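Notes follow once the structure below has been shown.
The chains referred to below are lettered A, B, ... by the order of the sequence lines, with proteins before strands, and numbering in each begins at 1. In this text the structure is predicted, and so the values were computed from the model without any measurement. What's counted below: heavy atoms across the whole structure, side chains too, no hydrogens, waters or symmetry copies.
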Amino acid sequence: MRSFSYQRATDPGMAVQALSADAAANNPLTQATAQPLAGGTTLIDLMKLDVMRPAAIVDINPLAQGWSAIEPGSGNLWLGALAKMSDVAAHEDIQRNYPVIADSLKLAASAQLRNMATLGGNVLQRTRCSYFRDVSYENCNKRNPGSGCAAMDGVNRMHAVLGTSEQCIATYPGDFAQALIALDATVEVTGRSGTRSMPFAELHKPPGNTPEIETSLQPGELISAFVIPGRWPRSVYLKARDRQSYEFALSSAAVALDVQDGTIRDARIALGGVATVPWRARETEALLKGRKFDDGLAQRAADAAFADAKGRRHNSFKIALGKRVVAHALQQAVTMEI
Amino acid sequence: MTAAAPEPKATMGQPVPRYDATAKVTGRATYGSDMPLDNPAYAFLVTSAIARGRINSFDLGDAKRVRGVIDIVTHENAPKLKESKLFSNGGYAGTTIQPLKSADIAHDGEIIAVVVAESYEAAREAANRVKVSYSAATPSASFDSPGTTKAAAKGQNAQFREDPQVGDFAKAFEEAEVKLTASYDTPTQHHNPMELFSTSCAWMGDDLVIYEPSQYVYGLKNGVAEQLSIDADKVRVVNPYVGGGFGSRGSMTPRTAIIAGIAKGLNRPVKLVPTRDQGFTIATYRAETRHEIKLGASRDGKLVALRHEGAEVSSRADAYCVGGTKTTTRLYACPNVDSLVSIVRADRNTPGFMRSPPEVPYLFALESAMDELAVKLNMDPVELRRVNDTTNEPIGGKPYTSRSLMACFDAAAKAFGWSQRSAAPRSMSDGDWLVGYGCASTCYPTQMGPSAARVRLQRDGRTRVEIAGHEIGTGAYTIIAQTAADRLGVPLEKVSVFIGDSDLPPAPVAGGSNSTASACSAVMMVCDQVRQKLFKAVMPNESLTDKAKETVGIGQTPTTQAAKSDRPLDLEKAFDALGASVVEEYGEWKPDGAPLDSFKAMHSGHVRLVGGAALKDKIAYAFGAEFVEVRINRLTHEIRAPRLVGAFAAGRIMNPRTARSQLMGGLIWGMSSALLEATEIDERTARYVNDNFADYLVPVNADVPGVEVILLSEQDDHINPAGAKGLGELANVGTNAAICNAIYHATGQRIRKLPVRLENIEA
């Protein structure tokens, strides 16, 4: 960890201004000299590891009053970016009408972390790639653009099989983002020119040739809220992992269905633990829509999700695993009582 | 889950609460890095990013500009230290790779610089700013890497003297009715206990005090003195509490003398608190092992031939090995036995003790093979153990001092519900989960070492016991207090215990599960000296020993007919007769068969453990049986172990509460060693990849909903005065095999390589 200045932002304008300090420098946002601090559960870790070296910390917790509401309205669910994971997971309306959201939060991290971590920080959580998190490895295109990727032919059991590039195979580690992308959420962003909205699906950038650029956020921009349209009582989040709790997904699936008389009218599927970004499985959705559900359909739909998957030395198992997780989640969603 | 304080059975002490419980749960227990220092400087380590090669140069400019930096120590300006030999070659060190000696690098994460600053934060920031230029050579990471060398352990490791053999294995195996040949692998694992590998060194003139978590304060004191070329009496090691040991703090690591040397140069205390990831490379670890087991049996299950060949990884510098064949060749009756242990040298740090060092990997192989043999024989695996149970070990024919293996199997099987198992693989399930039951034997050698103690009894009954033992979380304070209270007949609350300080009378390393037997035997002996002194004062003409044993139960009613003619000792009168208010005795105890130089070695920090298979006319082991239920999800293949049941017999159980706690922790760790724990090595660079506790997985509470510990009564009068067999390393042995045996039962798939992960389950 390196020395840094600390500032509390008491209103959004102040936060945005403090975070825009080196807007002209054209740094990737993750390497901007000023970084926002919310729950701190990722940022402080990465600072201790010397992976992130901000010169200034802008504490945005004072904004919680305006930015932490949980509002299940009639048409939309509105979630403030500074709401705590644990509060959202425990909310009765969300458990009833959006089980995929409640479960994705509940199955993440530990109770202590969920009490600290905010929704906005959660979706921006950075990869757990060991080579990224250990600065003694020089080769990390995400950390040192152009330096290569140590994970590509290294120990890559936890790495991604979807959305990878020749430059980076680091997995997006979160759970909640899968629920958001599946449900067509919108993300509300506050920046220098006010507030704008964009589809959550456009927030994260696949690594491509610039793995150091992880989101489409602009300098100074902060996530202020998420808006989820509709209600999805028939939805599940299934997470396969090495231990029973407090562990990242080897493979997970967010599934939300609208089923009438055995026919799938609408399907929303997203995958976690297997991709470089929150991953919407649109091929799978297309196969399901308008069809009668059976195990064979679930299997075909699950296969479609991984048609373009590319395994490496230690993570090829995730392709077969991921298909089984999707099929299993579909079965759970179809049979769940609502 | 069994009660925290099990009712004591025959041959058990009382389950009194921990002596240190309140201090620990209220945060008042002081660990090494809690010790207050006068104006300390803070050290932060820089470790190598390559496993083999040289340092070309350092660029320290940026680092030195950090405000508060005092000095940056590298091989170019490090204090000169004498090398210590490996503990097994008569030295103190856990590795002879001495960092900061030259530009050469011998393993990943070797200490290459120490930043010293006015604050921890400044030291850390400067360490982050140290730039190093390396010339890296291609390292050999492990078994399959080019450039390793392999040779028999015998002849290069002084503590591995024989490959046990008896009869004619080759002929017997050839002629056996049923044969099994199978290979097994275990991974690299790290203990990395809760308390980090800290050290604080403070000089007062020529005297050095070291605050450091150690499992052997006398070893560390003497080792550091040797490295600094000073008299051992000038060095004191203090650690009243140690935040976990598991073997990692049994031998000296290079960090201590380095920090002591820097502190001397600065004329100021220096405090080092390394990071968790540095704990993976600056201390020892359990090396990966490979095994080939050959078993030959008759149709009725009697073993006729057994061969165990093991290979272990060690460093280029040191021939460390655990050599578990000394146990696996003696566990079952078998007339024809052969074995061989080899060491493979790679570009790694020297491995070291990790809880049950030989037994965890070697019994994984044997107990998996026994299960495979039971399948071949179509025999219940419990019955296969019964058929091959023995009163005498097969290599030298020596009798076990006591052996309750089958009693443990029967008790654990009953508690587990083994009779509910349908034998066919894949025959049990529950919803989406395949269910499997498995079992395995566990055993651990009963070891003792020479130990001293000092006991002071005051007129008011207050008692002070001093012994340089170690509280590594096991309950040492508690059972030492109980032993003194019982022996002197004073109330437990009047006993104070002082341990974890090398100024106290020497005790052996807290390793090899010897502490209870050694410390309690010494404390008992010295308590008897105290009683005799008092007895002599009140009854100067009586013969001392026998009488004293019966009557000087201070404040207690005599228990035998012979003693009833005497009144219980009146403490006040005894002290009046003695003409003193305090009796203080010091004594040195050594177990039968300990070498002549035992006491001398004890003071100079060398352990002379006796026991296990090395006893002259007998063999002493504790035994147990473990049963596990595994569940494997049909769809995700996730593996869980919701029930672990173990029954154990280990001579006198000093305190059923602390014993249960240790055994429960052992069962959990045993499961963990089968399903979760492995340190991943990048083969290209011979570097650890998952060197943190987010990626090196250990169980969370949700992984272990059901753990049951059964303590069996066992009386053994042939081991030591305390009658106790060590049990700290008993329960995490064999669990790994029981898990794999249960996985076979659940799935029909035999897995011979640890850890088992969901991708290893085929269908």
Side-chain angles (χ1 to χ4, degrees), chain A residues 1-4 45 47-51 53 109-110 128-131 133-139 150-151 153-158 173 238-253 298 302 313-329 331-332, chain B residues 46-50 66-68 108-109 120-122 124-129 132 275-277 432 633-642 672 675-676 680-685 687-705 755 757-763:
Chain A
M1 190 181 269
R2 305 184 178 207
S3 307
F4 56 90
D45 270 12
M47 287 169 67
K48 284 183 177 173
L49 294 170
D50 205 31
V51 172
R53 304 165 180 177
S110 65
R128 303 295 304 191
C129 172
S130 309
Y131 300 98
R133 289 171 62 87
D134 184 342
V135 294
S136 72
Y137 288 93
E138 256 175 52
N139 309 122
D153 298 308
V155 176
N156 49 31
R157 176 173 184 262
M158 299 300 288
L238 182 68
K239 184 174 179 181
R241 44 186 167 170
D242 284 321
R243 64 182 172 193
Q244 186 65 21
S245 178
Y246 194 14
E247 173 57 350
F248 295 93
L250 290 167
S251 171
S252 68
R313 185 167 172 200
H314 303 110
N315 69 352
S316 292
F317 75 93
K318 283 188 173 181
I319 299 171
L321 171 65
K323 291 175 182 176
R324 291 195 303 264
V325 166
V326 170
H328 196 18
Q331 284 153 358
Q332 281 190 4
Chain B
V46 180
T47 56
S48 67
I50 63 168
V66 174
R67 197 166 59 180
D108 170 35
Y120 174 80
E121 290 74 15
R124 176 173 61 182
E125 175 161 2
N128 286 339
R129 292 176 185 274
V132 192
T275 63
R276 178 61 69 196
D277 64 310
D432 286 337
N633 190 291
R634 282 181 211 277
L635 295 147
T636 65
H637 298 179
E638 285 167 294
I639 311 163
R640 302 288 183 254
S672 179
L675 296 179
L676 297 172
E680 308 283 358
I681 305 165
D682 190 320
E683 286 169 23
R684 303 165 301 177
T685 58
R687 301 194 64 197
Y688 297 133
V689 177
N690 58 335
D691 54 352
N692 61 78
F693 279 173
D695 297 320
Y696 182 99
L697 298 188
V698 296
V700 295
N701 284 331
D703 289 308
V704 283
R757 290 171 166 157
L758 61 76
E759 63 264 37
N760 305 121
I761 305 291
E762 279 157 14

When you check the gap from the basic side-chain N to the acidic O, do B:Glu759 and A:Arg157 get nearer than 4.0 Å?
-> yes
Would you mind checking which part of B:Tyr120 comes under 4.5 Å of any heavy atom in chain A, side chain (CB onward), backbone (N, CA, C, O), both or neither?
-> neither
When only pairs under 4.5 Å are counted, which of B:Asn701, B:Val689, B:Val66, B:Leu676 shares the most heavy-atom pairs with chain A?
-> B:Val689
When heavy-atom pairs shorter than 4.5 Å are enumerated against chain A, which of B:Val698, B:Leu675, B:Thr47 gives the highest number?
-> B:Val698
Side chain from CB out, backbone as N, CA, C, O: work out which of these in A:Glu138 comes under 4.5 Å of a heavy atom of chain B, or both, or neither.
-> neither
Whatever's closer than 4.5 Å to a heavy atom in chain A on B:Leu697 counts as both
Bottom line for B:Asp691: the part with an atom under 4.5 Å from chain A's heavy atoms is side chain
The interface call for B:Ala694 against chain A, heavy-atom contacts under 4.5 Å, is both
Over all heavy atoms of both residues, which pair between B:Ala49 and A:Ser136 is shortest? Give the atoms and the distance, please.
-> CB-O, 3.6 Å
Atom of B:Arg124, atom of A:Lys48 and distance for their closest heavy-atom approach = NH1-CG, 4.0 Å
Could you tell me whether the side chains of A:Ser3 and B:Arg67 share a donor-acceptor contact shorter than 3.5 Å?
-> no
Are A:Tyr131 and B:Asp682 linked by a side-chain donor-acceptor pair shorter than 3.5 Å?
-> yes
If one checks every heavy atom of B:Asn633 against chain A at 4.5 Å, the contacting part turns out to be side chain
For A:Tyr137 against B:Tyr688, the heavy-atom pair lying closest together = OH-O, 3.3 Å
Check whether any side-chain heavy atom of A:His328 lies under 4.5 Å from a side-chain heavy atom of B:Asp432, and answer yes or no.
-> yes
Measure across A:Ser130 and B:Asp695 and return the closest heavy-atom pair with its distance rounded to 0.1 Å.
-> OG-OD2, 3.6 Å
Tell me, side chain or backbone of A:Asp242 under 4.5 Å from chain B's heavy atoms, or both, or neither?
-> both
Turns out that what part of A:Leu250 lies under 4.5 Å from chain B's heavy atoms comes down to side chain
Quick one: are A:Arg324 and B:His637 in side-chain contact, heavy atoms under 4.5 Å?
-> yes
List the steps, then state whether side-chain contact (heavy atoms from CB on, under 4.5 Å) holds for A:Leu321 with B:Leu758.
-> CA-CA 9 Å; A:Leu321 171 65; B:Leu758 61 76; 3.7 Å; yes
Heavy-atom distance under 4.5 Å to chain A: side chain of B:Asp703, backbone, both or neither?
-> both
Most heavy-atom pairs under 4.5 Å with chain A, out of B:Glu121, B:Arg129, B:Arg640, belong to B:Arg640
Could you tell me which portion of A:Lys323 (side chain, backbone, both or neither) has an atom closer than 4.5 angstrom to a non-hydrogen atom of chain B?
-> neither
Heavy-atom proximity to chain A below 4.5 Å, by part of B:Ile50 = neither
Is the charged tip of B:Arg757 near the ring of A:Phe317: under 6.0 Å from the six-membered ring centre and within 45° of its axis?
-> no
Output the option from B:Asn128, B:Ile681, B:Asp277, B:Ile639 having the highest count of non-hydrogen pairs under 4.5 Å with chain A.
-> B:Asn128
Of the backbone (N, CA, C, O) and the side chain (C-beta and beyond), which part of A:Ala320 lies under 4.5 Å from a heavy atom of chain B, both, or neither?
-> neither
